[in-house]
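Take a look at the structure set out below.
Throughout, protein chains are lettered first and strands after them, A, B, ... in sequence-line order, and every chain is numbered starting at 1.
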Amino acid sequence: VNTRSASAPGDAPPTEGAGRLAGIWQRLRHLPRDARDTVFQLVLIGWSIAPHLLHLPLWCTGMVLAMLAWRGRLAWTGGTLPSRWTVMALLALAAGLTLWSERTLLGKEAGVTMLVVLLALKTLELRARRDALVIFFLGFFLVLTHFLYSQSLGTGLWMLVSVWGLLTALVLAHMPVGRPSLAQAGGTAARAAVLGVPLMVLLFVLFPRIGPLWGLPQDAAGRTGLSGSMRMGAMAEVANDDSIALRVRFLGATPPPDRMYFRGPVLSSFDGREWTRLRPSFPAALRPRAELEVRGEALPYEMTVEANRLPLLPLLEATPDLPGAAPQLDGWMLTLRPDLQWQVDRPVGERLRVQASAYLDYRHGPREDIVGLRDLVALPPGYNPRLLTWANALRNSPALQNADTPALVQAVLNHIRQGNFGYTLAPGAYGEDAIDEFWFDRKLGFCEHYAAAFVVAMRAMDVPARVVTGYMGTDFAPVDGYWIVRNSNAHAWAEVWQAGRGWVRVDPTAAVAPDRVQRGQGLPVDAGLVGGAMRTLSPEMAAQLRAAWEAVNNRWNQWVLNYSRGQQFDLLKQLGWRSPSWQDLATTLILLLCAAALAGAAWAWWDRHRQDPWQRLQQRVQARLAALGVDVGPQHAPRTRAARVRAALGARGEALAQSLEALDRWRYADADAKTGGALNLRRWWTQFRALAPADGG
Amino acid sequence: VTPAEASVAGGTARSPASAKVPDEGPGRPPSLRQRVNQWWLNRLPHSDTWLLTQRNVYILPTRAGLAFALTLMLMLVASINYQLNLGYALTFLLSGAGLVSMHLTHNNLRGLTLHLRPAAPVFAGEAALMEVVFSNTGRVRHALALRRLAPEATTQDTRDGAASWAWCDVPAQGQASSHVGLVPPHRGWHAVPPLVVETVFPFGLFKAWTLWRPAARVLAWPRAEHPAPALPLSGQQAGDEQHARAGRGSEMDGVRPWKRGDSMRQVVWKKVARSGEMVSRETAGSASREFWLDWQYCGVAGVEQRLSRLTAWALAAEREGLDYGLRLPGRELPPGQGEAHQRLVLEALATWP
């Protein structure tokens with residue numbers, strides 16, 4: 001039995017898949033205009049939402065894709081839209097699911113989730129033009145929300161396409177006649193956007209960068225990077241944030257990467273769940289002070305710190321408060337805290353550039369045991385009983401009964417080394433006694449877990465200890481002379497106090513993941529399929545590409561992302577202001593905007609007096625012909641002029657006459673021939689001018 | 001291009017033929033808005049050609065434009081609060097594009113020349129289609145919307161306004177035309193109501209428009225009575241005619257020089273070919289089928305009713321191929337037939353007195 005007898009021989013496509021694709025393409029090209037516009041909008045919305053799908057809750061991704069597919073099918077088949085009640089029910093469902101997965105309807109994550117769902121839902125009731133407008137405005141806002149997650153060059157380009165598409169769709173919605181092509185609408189949109197670029201640059205450069213208008217929601221957690229505190233077990237997983245935290249350039253010698261510790265918040269108080277700054281229980285006189293002593297060679301360096309929204313500068317350890325070495329910043333008050341961390345008077349919301357000198361050889365902290373150190377052996381009662389018992393047993397073991405602090409440190413580090421501990425960025429969530437669970441049961445964690453457990457163990461043995469957070473290490477190679485420290489370089493280590501020496505740094509993570517500490521590298525980000533293949537095929541090329549990409553990215557970061565008030569003031573200084581303020585910025589901006597508005601109005605006014613290009617051309621032609629001795633009037637059509645040229649100049653004027661006749665044909669041809677672009681007036685004039693020189697040749 | 005249908009309220013009551021604005025409701029004083037509109041309109045000259053320049057193209061943000069501004073404000077606040085430089089860039093890019101679109105919208109109208117082609121006369125109550133020609137010396141213009149300005153129906157128009165707009169695109173260096181409809185409610189000359197040409201292209205954030213008072217007028221013939229009684233051929237006339245038909249049929253009984261209104265069928269083409277002069281058959285029928293549409297003898301009272309019936313009869317007489325004349329008090333048109341004669345008769349009926 002021939003099962004294929006149904007299909008007529010000869011008209012079967014070469015391959016069914018290609019045939020079907022071609023069919024779909026044909027269908028797409030000949031969709032009714034409304035359906036085509038809808039399909040375009042759906043593709044556009046899909047494109048704009050796509051980067052969010054990675055971090056949206058699974059239900060949201062599924063729902064959005066289903067709704068877009070549904071709407072696409074309706075557009076394809078010309079079906080009717082769902083009723084308003086269906087849409088309302090879907091909206092209620094989405095709100096409920098958001099509440100369930102985010103536990104709130106406010107805040108960044110919940111807001112983005114709802115925005116994405118709303119946008120997809122709105123496509124289901126695209127009836128009137130007003131609905132389309134709602135989609136565009138929601139779409140513009142959606143584009144902005146992507147920048148909350150990433151402001152990389154790639155995101156910028158991706159979103160540029162989105163914006164262009166949205167503007168194109170907006171233009172399409174306002175072209176009710178006929179079936180304008182997407183290219184036509186896209187051209188108009190691009191033209192408006194490109195013409196608007198000078199205004200955009202002006203606003204971007206001069207719009208005063210003012211601080212946050214109200215307190216920032218602290219929901220940017222879950223990424224590597226610094227924060228003012230450390231909560232145990234709250235983060236099941238941290239995303240490796242490859243964004244840049246700071247760049248450092250060494251003016252003299254460069255220290256080895258494993259000694260580049262950038263000191264951030266020092267966390268000395270532990271309430272069982274959260275590590276915070278020291279909450280002293282003794283008067284100031286009794287508290288430990290910095291007592292920094294530096295020796296050896298100074299390492300001068302220049303550092304640009306990205307906005308970290310913390311009131312501190314993560315400077316290289318140890319940067320002393322000495323003239324010539326201490327950092328200086330106009331408009332900021334910098335102080336060295338007793339825990340050796342550099343503090344500024346307000347959160348850093350912009351990129352800062354500082355110069356300072358560091359000493360790798362230093363001692364700090366009280367040399368003698370003082371009362372204030374009691375705060376640093378305090379542990380919250382009732383938490384982590386197993387670790388306390390274990391530490392006591394260790395302390396009282398025969399080998400360590402009279403051991404000094406270094407011996408105890410070695411003993412605990414040995415336990416980590418030999419105890420089957422593992423390093424991972426995704427250890428899963430920990431419970432109430434997070435440190436016990438980590439130390440005895442799961443044995444999986446990242447630097448925070450190791451530092452915290454180590455400090456608790458040391459304190460249980462009555463050794464003062466604290467957690468230090470900051471950055472450790474840099475990228476392999478400098479870019480443009482700068483060593484790049486990323487948020488994925490964020491690190492936590494420990495300091496223990498030793499009689500006679502003061503505070504000594506101990507990095508317990510080194511005991512389990514020596515790579516992390518020795519090379520100073522953050523754990524490599526999963527490169528993905530393409531990146532992985534690239535790396536195996538040609539490591540050198542991959543490295544080169546990466547370096548080039550870094551250089552581009554560096555420029556992007558410097559010129560776009562890190563443009564802040566400091567740069568604005570620098571610009572004004574270059575323009576002649578002695579001590580610019582943000583009011584100066586605002587005044588300059590307003591004046592320039594007024595000038596631009598006046599220029600626009602003047603152009604519109606001048607445009608009124610502009611002549612019809614055709615008439616202007618005819619006048620010019622008349623003048624040229626007069627110079628050649630051919631007398632024509634303003635009322636004569638080009639073909640009449642051609643005849644006169646022939647009469648006056650004979651064979652010599654044949655080329656001129658033909659040129660005029662071509663112009664005549666173009667002008668009086670029907671509209672179809674004209675839009676074909678057979679003749680460009682400007683080009684025609686250039687050719688004509690060459691044939692008929694002004695001096696009469 | 002869809003013709004814009006505009007229905008204008010009003011009965012058959014006579015009103016001055018050149019009323020500028022349709023009547024407002026009795027006893028209702030014009031609102032401030034209407035008075036301002038009226039004052040604005042009165043500033044404009046009457047002209048059949050309207051060159052759009054900066055002086056007569058107005059522009060304001062639309063509702064969508066305000067919503068867009070609000071969106072931009074929200075985006076700016078978000079950018080400030082989260083210190084997103086890329087957010088600033090996006091906000092300012094859109095602001096720049098939005099402001100440029102203001103110029104593009106204004107440009108879309110500026111420099112166009114509008115020309116109104118006079119409409120053919122229609123019967124009262126039927127739609128007269130007026131053609132508006134857009135001449136463009138510049139680049140292509142998109143999405144120009146044309147409609148009548150109807151001050152008395154402003155609120156209604158904005159509600160179902162989209163339907164009453166006629167849209168067109170004008171190619172670069174070219175022309176396009178669009179139609180606007182007018183339904184004259186009663187006979188007589190009607191001023192073409194003020195027209196509005198509007199555009200929101202490209203983004204719909206700004207609306208540029210112009211108000212235009214064309215000078216042209218539209219003639220409305222009286223509404224033909226329907227159904228109308230049979231032609232009032234007097235008994236003697238009718239009898240004569242029947243007799244004539246019975247006796248001689250339509251035999252030729254002579255020729256006479258061609259005169260205006262003779263149909264092509266009456267021309268004696270053989271003679272014309274021979275002599276070179278236009279001559280027509282003179283049949284007994286045509287001679288005797290001459291009658292008068294008379295104001296005095298039309299069987300109804302009332303000015304409009306009489307005119308209505310006379311109109312219906314004039315149409316019937318033309319259909320039947322009769323020679324008909326018109327007698328109105330103070331006006332008389334000699335009998336004749338043909339399209340030109342019919343126009344004369346209808347125009348007389350329309351403009352009487």
Side-chain angles (χ1 to χ4, degrees), chain A residues 129-130 133 137 140-141 143-144 147-148 151 155-156 159 163 167 170-171 173-178 180 188-189 191-193 195-201 203-204 207 209-214 216 307 309 349-350 560-564 600 603-605 607-608 610 612-615 671 674-675, chain B residues 1 53-55 63-64 67-68 70-72 74-104 106-107 110-111 137-138 140 142-145 162 165 167-169 171-175 199-205:
Chain A
R129 203 175 66 97
R130 209 188 54 196
L133 291 180
F137 297 158
F140 288 137
F141 209 85
V143 168
L144 185 81
F147 302 146
L148 291 171
Q151 298 196 69
T155 311
M159 287 303 132
V163 170
L167 288 178
L170 196 54
V171 171
H174 292 102
M175 291 174 95
V177 185
T188 307
R191 186 161 156 256
L195 287 175
V197 161
L199 202 65
M200 165 194 167
V201 170
L203 281 164
F204 185 82
F207 185 83
R209 297 299 195 273
I210 41 184
L213 299 179
W214 57 83
L216 271 174
R309 312 205 200 298
E350 60 192 271
V560 181
L561 295 195
N562 300 324
Y563 188 79
S564 64
W603 175 70
W605 179 81
D607 191 53
R608 184 158 69 108
R610 216 163 44 156
D612 174 357
W614 173 255
Q615 282 176 3
K674 217 176 274 186
T675 48
Chain B
V1 177
T53 66
Q54 206 191 0
R55 296 180 69 87
R63 218 173 260 261
F68 183 68
L70 189 70
T71 310
L72 286 182
L74 278 177
M75 289 168 70
L76 186 63
V77 167
S79 304
I80 290 175
N81 246 15
Y82 285 90
Q83 309 264 300
L84 299 173
N85 257 0
L86 225 44
Y88 281 117
L90 172 68
T91 311
F92 298 149
L93 176 70
L94 292 177
S95 316
L99 281 179
V100 165
S101 87
M102 176 178 77
H103 281 282
L104 294 182
H106 199 252
N107 265 11
R110 207 172 56 217
T137 59
V140 59
H142 287 287
L144 303 175
W165 290 104
W167 298 89
C168 73
D169 285 356
Q173 315 257 330
Q175 288 189 337
T199 183
V200 293
F201 185 81
F203 294 148
L205 307 179

Task: Nearest-0.5 Å distance, CG of residue B:L86 to CE of residue A:M159 - done: 10.0 Å
Task: Approximate separation, where rounding is to 0.5 Å, of B:W167 CH2 and A:M175 CE - done: 12.0 Å
- [ ] For A:Q151 and B:N85, indicate whether the former's side chain and the latter's backbone hold a donor-acceptor pair under 3.5 Å.
- [x] yes
Open item on the list: With a 4.5 angstrom heavy-atom cut-off, is it the side chain or the backbone of A:L170 that approaches chain B, or both, or neither?
Closed with: both
Open item on the list: Between A:V163 and chain B, with a heavy-atom cut-off of 4.5 Å, which part of the residue counts as in contact: side chain, backbone, both or neither?
Closed with: side chain
- [ ] Report the option among A:P198, A:G178, A:A193, A:A192 that has the most heavy-atom pairs separated by less than 4.5 Å from atoms of chain B.
- [x] A:A192
Open item on the list: Using a 4.5 angstrom heavy-atom cutoff, name the option from A:L148, A:T188, A:V197, A:V143 with the most pairs to chain B.
Closed with: A:L148
- [ ] Using a 4.5 Å cut-off on heavy atoms from C-beta on, say whether the side chain of B:H142 contacts that of A:V171.
- [x] no
Task: Side-chain heavy atoms of A:L144 within contact of B:Y82, under 4.5 Å - done: no
- [ ] Applying side chain to side chain donor-acceptor pair (under 3.5 Å), name anything that partners B:H103, two or more places apart in sequence or on another chain.
- [x] none
Task: Interchain contact, B:L72 with chain A, by part (heavy-atom threshold 4.5 Å) - done: neither
Task: Contacting region of B:A145 [heavy-atom separation from chain A under 4.5 Å] - done: neither
Donor-acceptor contacts, no H, no angles, side chain residues 90-102 of chain B, under 3.5 Å, sequence neighbours left out:
residue, atom, partner, partner atom, Å
B:T91, OG1, B:G87, O, 2.7
B:S95, OG, B:T91, O, 2.6
B:S101, OG, B:G98, O, 2.7

- [ ] Fit a plane to each ring of A:F140 and B:F68, take the angle between them on a 0 to 90° scale, and name the class: parallel (under 30°), tilted (30 to 60°) or perpendicular (over 60°).
- [x] perpendicular
Open item on the list: Restricting to non-hydrogen atoms, name the atom on A:H174 and the atom on B:A143 that form the minimum distance, rounded to 0.1 Å.
Closed with: O-CB, 3.3 Å
